[in-house]
Number of protein chains: 2
Amino acid sequence: MHSCHEHTVCIEDALQTAHRICEERGLRFTDLRRRVLELVWENHGSAKAYDLLERLGEDYSAKPPTVYRALEFLQENGLVHKINSLNAYVGCSHPLQHQDCYFLICSKCQEIKECCTSQVANVVKNLTEESSFVPSRTTLEIEGICQDCRSNQKYNINKS
Amino acid sequence: MHSCHEHTVCIEDALQTAHRICEERGLRFTDLRRRVLELVWENHGSAKAYDLLERLGEDYSAKPPTVYRALEFLQENGLVHKINSLNAYVGCSHPLQHQDCYFLICSKCQEIKECCTSQVANVVKNLTEESSFVPSRTTLEIEGICQDCRSNQKYNINKS
DNA sequence: CTTAATTTTGTTACATTATAACATCATACC
DNA sequence: GGTATGATGTTATAATGTAACAAAATTAAG
(Lines give C-alpha, C1' and ligand atoms only; values in the text may rest on other atoms or scores of the structure.)
Protein backbone atom coordinates (compact mmCIF):
# COMPACT_ATOMS: atom_id res chain seq x y z
CA MET A 1 0.00 0.00 0.00
CA HIS A 2 2.84 2.34 0.77
CA SER A 3 5.33 3.20 -1.85
CA CYS A 4 8.35 4.35 0.10
CA HIS A 5 11.49 3.57 -1.83
CA GLU A 6 13.62 3.10 1.23
CA HIS A 7 11.74 2.35 4.35
CA THR A 8 14.75 3.28 6.46
CA VAL A 9 14.02 6.82 5.34
CA CYS A 10 10.52 6.61 6.78
CA ILE A 11 11.97 5.48 10.06
CA GLU A 12 14.64 8.16 10.16
CA ASP A 13 12.10 10.83 9.35
CA ALA A 14 9.76 9.64 12.05
CA LEU A 15 12.54 9.58 14.62
CA GLN A 16 13.82 13.00 13.73
CA THR A 17 10.38 14.52 13.76
CA ALA A 18 9.70 12.92 17.12
CA HIS A 19 12.98 14.26 18.44
CA ARG A 20 12.13 17.74 17.29
CA ILE A 21 8.60 17.63 18.70
CA CYS A 22 9.82 16.49 22.08
CA GLU A 23 12.45 19.19 22.12
CA GLU A 24 9.91 21.86 21.28
CA ARG A 25 7.65 20.65 24.06
CA GLY A 26 10.36 20.22 26.64
CA LEU A 27 9.85 16.47 26.79
CA ARG A 28 12.44 13.77 27.04
CA PHE A 29 12.87 11.60 24.00
CA THR A 30 14.72 8.92 25.90
CA ASP A 31 16.52 5.95 24.40
CA LEU A 32 13.69 3.68 25.37
CA ARG A 33 11.03 5.84 23.79
CA ARG A 34 13.11 6.28 20.73
CA ARG A 35 13.68 2.56 20.46
CA VAL A 36 9.98 1.75 20.84
CA LEU A 37 9.05 4.28 18.19
CA GLU A 38 11.69 2.80 15.92
CA LEU A 39 10.25 -0.67 16.40
CA VAL A 40 6.72 0.52 15.79
CA TRP A 41 7.94 2.00 12.54
CA GLU A 42 9.73 -1.12 11.41
CA ASN A 43 7.04 -1.65 8.82
CA HIS A 44 3.87 0.00 7.59
CA GLY A 45 1.67 -2.39 9.45
CA SER A 46 0.75 -2.26 13.07
CA ALA A 47 2.72 -3.62 15.98
CA LYS A 48 1.37 -5.56 18.91
CA ALA A 49 2.56 -4.48 22.33
CA TYR A 50 3.92 -7.88 23.24
CA ASP A 51 5.80 -8.16 19.98
CA LEU A 52 7.48 -4.86 20.71
CA LEU A 53 8.21 -6.17 24.16
CA GLU A 54 9.92 -9.20 22.77
CA ARG A 55 11.96 -7.29 20.24
CA LEU A 56 12.88 -4.80 22.92
CA GLY A 57 13.99 -7.53 25.26
CA GLU A 58 17.30 -7.91 23.49
CA ASP A 59 18.48 -4.51 24.65
CA TYR A 60 16.32 -3.62 27.58
CA SER A 61 15.09 -5.27 30.70
CA ALA A 62 11.66 -5.15 29.19
CA LYS A 63 8.50 -6.08 31.01
CA PRO A 64 5.00 -5.10 29.94
CA PRO A 65 4.86 -1.76 31.77
CA THR A 66 8.02 -0.71 30.01
CA VAL A 67 6.51 -0.90 26.58
CA TYR A 68 3.04 0.26 27.58
CA ARG A 69 4.48 3.34 29.21
CA ALA A 70 6.52 4.19 26.17
CA LEU A 71 3.47 3.68 23.96
CA GLU A 72 1.42 5.88 26.26
CA PHE A 73 3.97 8.65 26.01
CA LEU A 74 4.11 8.33 22.24
CA GLN A 75 0.34 8.33 21.95
CA GLU A 76 -0.04 11.37 24.17
CA ASN A 77 2.29 13.21 21.88
CA GLY A 78 0.61 12.09 18.72
CA LEU A 79 3.58 10.02 17.54
CA VAL A 80 1.75 6.73 17.65
CA HIS A 81 -1.87 5.71 17.32
CA LYS A 82 -3.65 2.74 18.73
CA ILE A 83 -5.79 0.80 16.28
CA ASN A 84 -8.64 -0.29 18.50
CA SER A 85 -10.03 -2.88 16.15
CA LEU A 86 -6.68 -4.67 16.18
CA ASN A 87 -5.32 -3.91 19.65
CA ALA A 88 -2.20 -2.77 17.92
CA TYR A 89 -0.13 0.34 17.43
CA VAL A 90 0.99 2.22 14.40
CA GLY A 91 3.39 5.12 13.89
CA CYS A 92 1.73 8.43 13.13
CA SER A 93 2.62 9.65 9.71
CA HIS A 94 1.50 13.24 10.26
CA PRO A 95 2.41 14.04 13.83
CA LEU A 96 2.06 17.75 13.35
CA GLN A 97 -1.12 18.24 11.40
CA HIS A 98 -3.63 16.80 13.79
CA GLN A 99 -7.10 17.07 12.73
CA ASP A 100 -8.97 13.86 13.16
CA CYS A 101 -7.48 11.09 11.16
CA TYR A 102 -8.72 7.77 9.92
CA PHE A 103 -7.10 4.49 9.03
CA LEU A 104 -7.28 2.26 5.99
CA ILE A 105 -6.40 -1.22 7.13
CA CYS A 106 -5.64 -3.75 4.43
CA SER A 107 -6.63 -7.23 5.48
CA LYS A 108 -4.34 -8.81 2.89
CA CYS A 109 -0.98 -7.11 3.34
CA GLN A 110 -1.77 -5.82 6.84
CA GLU A 111 -0.52 -2.39 5.96
CA ILE A 112 -2.19 0.65 7.40
CA LYS A 113 -2.54 4.01 5.78
CA GLU A 114 -3.28 6.94 8.01
CA CYS A 115 -5.12 9.85 6.48
CA CYS A 116 -5.63 13.22 8.07
CA THR A 117 -8.36 15.39 6.68
CA SER A 118 -10.82 17.94 7.89
CA GLN A 119 -13.47 15.85 6.15
CA VAL A 120 -13.56 13.62 9.20
CA ALA A 121 -14.21 16.50 11.55
CA ASN A 122 -16.93 17.77 9.22
CA VAL A 123 -18.63 14.43 9.04
CA VAL A 124 -18.45 13.96 12.77
CA LYS A 125 -20.02 17.36 13.14
CA ASN A 126 -22.86 16.30 10.87
CA LEU A 127 -23.32 13.01 12.61
CA THR A 128 -23.35 14.44 16.10
CA GLU A 129 -25.08 17.76 15.96
CA GLU A 130 -28.54 16.48 15.27
CA SER A 131 -28.16 14.57 18.55
CA SER A 132 -26.68 17.65 20.24
CA PHE A 133 -23.74 15.48 21.09
CA VAL A 134 -20.38 17.15 21.70
CA PRO A 135 -17.64 14.91 20.36
CA SER A 136 -14.20 14.78 21.87
CA ARG A 137 -12.52 11.76 20.32
CA THR A 138 -13.23 9.87 17.12
CA THR A 139 -12.20 6.40 16.07
CA LEU A 140 -12.55 5.73 12.37
CA GLU A 141 -11.02 2.51 11.15
CA ILE A 142 -11.81 1.16 7.72
CA GLU A 143 -10.87 -2.40 6.95
CA GLY A 144 -10.70 -3.64 3.38
CA ILE A 145 -8.33 -4.38 0.53
CA CYS A 146 -5.81 -1.89 -0.74
CA GLN A 147 -5.14 -1.15 -4.38
CA ASP A 148 -1.85 -3.03 -4.54
CA CYS A 149 -3.35 -6.18 -3.16
CA ARG A 150 -6.22 -6.06 -5.58
CA SER A 151 -4.13 -5.39 -8.64
CA ASN A 152 -0.93 -7.29 -7.90
CA GLN A 153 -2.28 -10.21 -6.02
CA LYS A 154 1.08 -10.01 -4.30
CA TYR A 155 0.40 -10.38 -0.65
CA ASN A 156 2.58 -10.04 2.39
CA ILE A 157 5.46 -8.49 0.58
CA ASN A 158 7.69 -6.41 2.77
CA LYS A 159 8.70 -3.35 0.90
CA SER A 160 12.08 -1.96 1.75
CA MET B 1 -29.23 10.01 26.29
CA HIS B 2 -32.07 7.63 25.57
CA SER B 3 -35.60 8.57 26.39
CA CYS B 4 -37.39 5.27 26.53
CA HIS B 5 -40.28 5.50 28.96
CA GLU B 6 -40.09 1.91 30.02
CA HIS B 7 -36.81 0.23 29.37
CA THR B 8 -38.43 -3.18 29.77
CA VAL B 9 -40.15 -2.40 26.50
CA CYS B 10 -36.79 -1.92 24.79
CA ILE B 11 -35.68 -5.28 26.10
CA GLU B 12 -38.85 -7.03 25.06
CA ASP B 13 -38.68 -5.51 21.61
CA ALA B 14 -35.07 -6.54 21.17
CA LEU B 15 -35.80 -10.09 22.27
CA GLN B 16 -38.82 -10.44 20.03
CA THR B 17 -37.01 -9.05 17.04
CA ALA B 18 -34.11 -11.38 17.69
CA HIS B 19 -36.48 -14.29 17.96
CA ARG B 20 -38.09 -13.41 14.70
CA ILE B 21 -34.78 -12.91 12.89
CA CYS B 22 -33.46 -16.25 14.06
CA GLU B 23 -36.64 -17.94 13.00
CA GLU B 24 -36.48 -16.42 9.55
CA ARG B 25 -32.89 -17.54 9.18
CA GLY B 26 -33.38 -21.01 10.56
CA LEU B 27 -31.15 -20.31 13.54
CA ARG B 28 -31.65 -21.39 17.09
CA PHE B 29 -32.41 -18.62 19.53
CA THR B 30 -31.55 -20.75 22.53
CA ASP B 31 -32.19 -19.88 26.15
CA LEU B 32 -28.56 -19.02 26.62
CA ARG B 33 -28.42 -16.69 23.64
CA ARG B 34 -31.68 -15.13 24.67
CA ARG B 35 -30.43 -14.62 28.19
CA VAL B 36 -27.17 -13.04 27.05
CA LEU B 37 -28.99 -10.69 24.73
CA GLU B 38 -31.33 -9.78 27.57
CA LEU B 39 -28.39 -8.97 29.82
CA VAL B 40 -26.68 -6.92 27.14
CA TRP B 41 -29.87 -4.92 26.85
CA GLU B 42 -30.23 -4.36 30.57
CA ASN B 43 -29.30 -0.75 30.02
CA HIS B 44 -28.38 1.60 27.23
CA GLY B 45 -24.71 1.42 28.02
CA SER B 46 -22.33 -1.27 27.00
CA ALA B 47 -21.70 -4.53 28.76
CA LYS B 48 -18.35 -6.15 29.42
CA ALA B 49 -18.08 -9.84 28.64
CA TYR B 50 -16.98 -10.78 32.13
CA ASP B 51 -19.82 -8.83 33.70
CA LEU B 52 -22.25 -10.74 31.57
CA LEU B 53 -20.48 -13.88 32.62
CA GLU B 54 -20.95 -13.06 36.26
CA ARG B 55 -24.59 -12.15 35.89
CA LEU B 56 -25.13 -15.27 33.86
CA GLY B 57 -23.48 -17.40 36.50
CA GLU B 58 -26.57 -17.43 38.66
CA ASP B 59 -28.51 -19.52 36.16
CA TYR B 60 -25.91 -21.13 33.97
CA SER B 61 -22.71 -22.98 34.42
CA ALA B 62 -21.00 -20.05 32.81
CA LYS B 63 -17.35 -19.93 31.87
CA PRO B 64 -15.79 -17.48 29.43
CA PRO B 65 -16.39 -19.48 26.25
CA THR B 66 -20.06 -19.65 27.10
CA VAL B 67 -20.55 -15.94 26.96
CA TYR B 68 -18.08 -15.29 24.14
CA ARG B 69 -19.81 -17.84 21.97
CA ALA B 70 -23.19 -16.33 22.61
CA LEU B 71 -21.80 -12.89 21.84
CA GLU B 72 -20.22 -14.21 18.67
CA PHE B 73 -23.53 -15.62 17.51
CA LEU B 74 -25.35 -12.39 18.33
CA GLN B 75 -22.73 -10.32 16.54
CA GLU B 76 -22.79 -12.50 13.45
CA ASN B 77 -26.50 -11.92 13.24
CA GLY B 78 -26.32 -8.20 13.82
CA LEU B 79 -28.05 -8.34 17.17
CA VAL B 80 -25.11 -7.05 19.14
CA HIS B 81 -22.15 -4.87 18.29
CA LYS B 82 -18.74 -4.78 19.82
CA ILE B 83 -17.47 -1.35 20.77
CA ASN B 84 -13.80 -1.71 20.05
CA SER B 85 -12.68 1.36 21.91
CA LEU B 86 -14.26 -0.02 25.09
CA ASN B 87 -13.89 -3.77 24.64
CA ALA B 88 -17.56 -3.97 25.39
CA TYR B 89 -20.79 -5.02 23.77
CA VAL B 90 -24.02 -3.21 23.06
CA GLY B 91 -27.38 -4.33 21.78
CA CYS B 92 -28.12 -3.40 18.20
CA SER B 93 -31.05 -1.06 17.98
CA HIS B 94 -31.66 -1.52 14.27
CA PRO B 95 -30.95 -5.15 13.58
CA LEU B 96 -32.70 -5.13 10.25
CA GLN B 97 -31.61 -1.98 8.53
CA HIS B 98 -27.92 -2.59 8.25
CA GLN B 99 -26.05 -0.04 6.46
CA ASP B 100 -22.95 1.01 8.29
CA CYS B 101 -23.68 2.41 11.65
CA TYR B 102 -21.79 4.54 14.11
CA PHE B 103 -21.84 5.01 17.84
CA LEU B 104 -22.12 8.04 20.05
CA ILE B 105 -20.53 7.14 23.36
CA CYS B 106 -21.19 9.47 26.27
CA SER B 107 -18.26 9.55 28.65
CA LYS B 108 -20.44 10.90 31.47
CA CYS B 109 -23.49 8.64 31.57
CA GLN B 110 -21.82 5.83 29.63
CA GLU B 111 -24.81 5.47 27.37
CA ILE B 112 -24.35 4.60 23.76
CA LYS B 113 -26.51 5.67 20.88
CA GLU B 114 -26.29 3.67 17.70
CA CYS B 115 -27.10 5.47 14.49
CA CYS B 116 -27.57 3.86 11.12
CA THR B 117 -27.34 6.08 8.11
CA SER B 118 -26.20 5.86 4.57
CA GLN B 119 -24.12 8.94 5.29
CA VAL B 120 -21.48 6.69 6.77
CA ALA B 121 -21.27 4.56 3.67
CA ASN B 122 -21.05 7.69 1.55
CA VAL B 123 -18.29 9.18 3.61
CA VAL B 124 -16.38 5.92 3.62
CA LYS B 125 -16.71 5.87 -0.13
CA ASN B 126 -15.23 9.36 -0.31
CA LEU B 127 -12.45 8.55 2.07
CA THR B 128 -11.43 5.34 0.37
CA GLU B 129 -11.87 5.82 -3.32
CA GLU B 130 -9.05 8.26 -3.80
CA SER B 131 -6.81 5.53 -2.40
CA SER B 132 -8.55 2.92 -4.56
CA PHE B 133 -9.21 1.07 -1.36
CA VAL B 134 -12.17 -1.31 -1.22
CA PRO B 135 -13.73 -1.15 2.22
CA SER B 136 -15.42 -4.11 3.84
CA ARG B 137 -15.92 -3.13 7.45
CA THR B 138 -16.04 0.24 9.15
CA THR B 139 -15.60 1.14 12.78
CA LEU B 140 -16.84 4.59 13.68
CA GLU B 141 -16.99 5.38 17.36
CA ILE B 142 -17.44 8.91 18.58
CA GLU B 143 -16.79 9.64 22.21
CA GLY B 144 -18.07 12.81 23.82
CA ILE B 145 -20.83 14.23 25.98
CA CYS B 146 -24.48 13.73 25.23
CA GLN B 147 -27.10 16.45 25.39
CA ASP B 148 -28.67 15.26 28.64
CA CYS B 149 -25.37 15.25 30.45
CA ARG B 150 -24.55 18.72 29.26
CA SER B 151 -27.89 20.25 30.11
CA ASN B 152 -28.90 18.34 33.22
CA GLN B 153 -25.58 17.75 34.81
CA LYS B 154 -27.31 14.64 36.06
CA TYR B 155 -24.87 11.84 35.59
CA ASN B 156 -25.13 8.12 35.95
CA ILE B 157 -28.87 8.05 36.21
CA ASN B 158 -30.37 4.77 35.20
CA LYS B 159 -33.49 5.44 33.26
CA SER B 160 -36.18 2.83 33.56
C1' DC C 1 28.65 20.87 43.61
C1' DT C 2 25.41 18.77 46.44
C1' DT C 3 20.95 17.96 47.93
C1' DA C 4 16.18 17.71 47.04
C1' DA C 5 12.42 17.17 43.85
C1' DT C 6 10.79 15.16 39.75
C1' DT C 7 10.62 12.08 36.09
C1' DT C 8 11.71 7.79 34.12
C1' DT C 9 12.53 3.01 34.30
C1' DG C 10 12.66 -1.57 36.73
C1' DT C 11 10.16 -5.13 39.01
C1' DT C 12 6.61 -7.92 40.98
C1' DA C 13 2.32 -9.18 40.93
C1' DC C 14 -2.04 -9.33 39.11
C1' DA C 15 -6.33 -7.88 36.44
C1' DT C 16 -8.80 -8.13 32.27
C1' DT C 17 -10.05 -9.91 27.84
C1' DA C 18 -10.21 -13.79 24.86
C1' DT C 19 -9.50 -18.45 22.64
C1' DA C 20 -8.07 -23.50 21.76
C1' DA C 21 -9.22 -28.09 22.32
C1' DC C 22 -11.84 -31.63 23.55
C1' DA C 23 -16.00 -33.71 26.10
C1' DT C 24 -20.84 -33.87 26.66
C1' DC C 25 -25.45 -32.86 25.66
C1' DA C 26 -29.47 -31.56 22.73
C1' DT C 27 -31.88 -31.30 18.42
C1' DA C 28 -33.01 -32.48 13.85
C1' DC C 29 -33.21 -35.62 10.27
C1' DC C 30 -33.46 -40.08 8.19
C1' DG D 1 -34.14 -45.26 17.37
C1' DG D 2 -29.62 -44.08 15.30
C1' DT D 3 -26.78 -40.81 13.31
C1' DA D 4 -25.25 -36.24 12.07
C1' DT D 5 -25.03 -31.66 13.39
C1' DG D 6 -24.95 -27.95 16.29
C1' DA D 7 -24.79 -26.08 21.07
C1' DT D 8 -22.95 -26.02 25.51
C1' DG D 9 -19.72 -27.56 29.27
C1' DT D 10 -15.06 -27.81 30.88
C1' DT D 11 -10.20 -27.28 31.40
C1' DA D 12 -6.50 -24.92 30.42
C1' DT D 13 -4.04 -21.21 28.67
C1' DA D 14 -3.10 -17.20 25.57
C1' DA D 15 -3.15 -12.29 24.86
C1' DT D 16 -3.66 -7.70 26.48
C1' DG D 17 -3.11 -4.36 30.00
C1' DT D 18 -2.40 -2.07 34.77
C1' DA D 19 -1.42 -1.10 39.93
C1' DA D 20 1.92 -0.33 43.18
C1' DC D 21 6.16 0.35 44.83
C1' DA D 22 11.49 0.38 44.32
C1' DA D 23 15.50 2.04 42.09
C1' DA D 24 17.81 4.93 38.94
C1' DA D 25 18.41 9.02 36.19
C1' DT D 26 17.64 13.72 35.32
C1' DT D 27 16.57 18.33 36.55
C1' DA D 28 16.07 22.16 39.71
C1' DA D 29 17.35 24.68 43.88
C1' DG D 30 20.27 26.15 47.26
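These numbers were taken from a predicted model, which means no experiment stands behind them. Heavy atoms only: backbone and side chains are in, while hydrogens, waters and symmetry mates are out. Residue numbering restarts at 1 for every chain, and letters A, B, ... go by the order of the sequence lines.
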key: Under 4.0 angstrom between B:Thr30 side-chain N/O and D:dT8 OP1 or OP2   = yes

key: Short side-chain N/O contact to C:dG10 OP1/OP2 from A:Lys63, under 4.0 Å   = no

Rounded to whole Å, please give me the gap between [atom1] in [X] and [atom2] in [N].
{"X": "A:Leu27", "N": "C:dT6", "atom1": "CG", "atom2": "P", "answer": "17 Å"}
{"X": "A:Asn77", "N": "C:dT8", "atom1": "CG", "atom2": "P", "answer": "10 Å"}
{"X": "A:Phe29", "N": "C:dT8", "atom1": "CZ", "atom2": "C1'", "answer": "15 Å"}
{"X": "A:Gln75", "N": "D:dG17", "atom1": "CD", "atom2": "C1'", "answer": "12 Å"}
{"X": "A:Phe73", "N": "D:dT18", "atom1": "CZ", "atom2": "P", "answer": "18 Å"}
{"X": "B:Asp31", "N": "D:dA7", "atom1": "CG", "atom2": "C1'", "answer": "12 Å"}
{"X": "B:Glu72", "N": "D:dT8", "atom1": "CD", "atom2": "C1'", "answer": "13 Å"}
{"X": "A:Arg33", "N": "D:dT26", "atom1": "CZ", "atom2": "P", "answer": "12 Å"}

ask   = Any donor-acceptor pair under 3.5 Å linking the side chain of B:Glu114 with the backbone of B:Ser93?
value = yes

inquiry  = Parallel, tilted or perpendicular: which one describes the rings of B:His7 and B:Trp41, with boundaries at 30° and 60°?
reply    = tilted

ask   = Does any donor atom in the side chain of A:Glu143 or B:Ser136 lie under 3.5 Å from an acceptor atom in the other side chain?
value = no

ask   = Where along nucleotides 24-30 of chain C does protein come under 4.0 Å, by heavy atom, of base (B) or sugar-phosphate alone (S), with - for untouched nucleotides?
value = ---S---

query = Which parts of nucleotides 15-22 of chain C does protein reach within less than 4.0 Å, heavy atoms only, written one letter per nucleotide 5' to 3' as B for base, S for sugar-phosphate only and - for none?
reply = --BBBBB-

note = Nearest heavy-atom contact between A:Phe133 and B:Cys146 is CD1-CA, 3.6 Å

key: Shortest non-hydrogen contact from A:Ser85 toward A:Glu141   = OG-OE1, 2.5 Å

request  = Answer yes or no: are there more than 12 heavy-atom neighbours, outside A:Glu129 itself, under 6.0 Å from its atom CD?
outcome  = yes

Side-chain atoms of residues 29-39 of chain A: list all donor-acceptor pairs with protein atoms under 3.5 Å, sequence neighbours left out, distances to 0.1 Å.
unit_1, atom_1, unit_2, atom_2, d
A:Thr30, OG1, A:Arg33, N, 3.3
A:Arg33, NH1, A:Arg28, O, 2.7
A:Arg35, NE, A:Asp59, OD2, 3.3
A:Arg35, NH1, A:Glu38, OE1, 3.4

request  = Could you walk me through whether B:His81 and B:Tyr89 pass ring pair (Phe, Tyr, Trp, His ring centres under 6.0 Å), step by step?
outcome  = CA-CA 6 Å; B:His81 297 288; B:Tyr89 304 82; over 10 Å; no

task = Can you measure from CZ (A:Phe73) to SG (A:Cys22) and round to the nearest 0.5 angstrom?
result = 4.0 Å

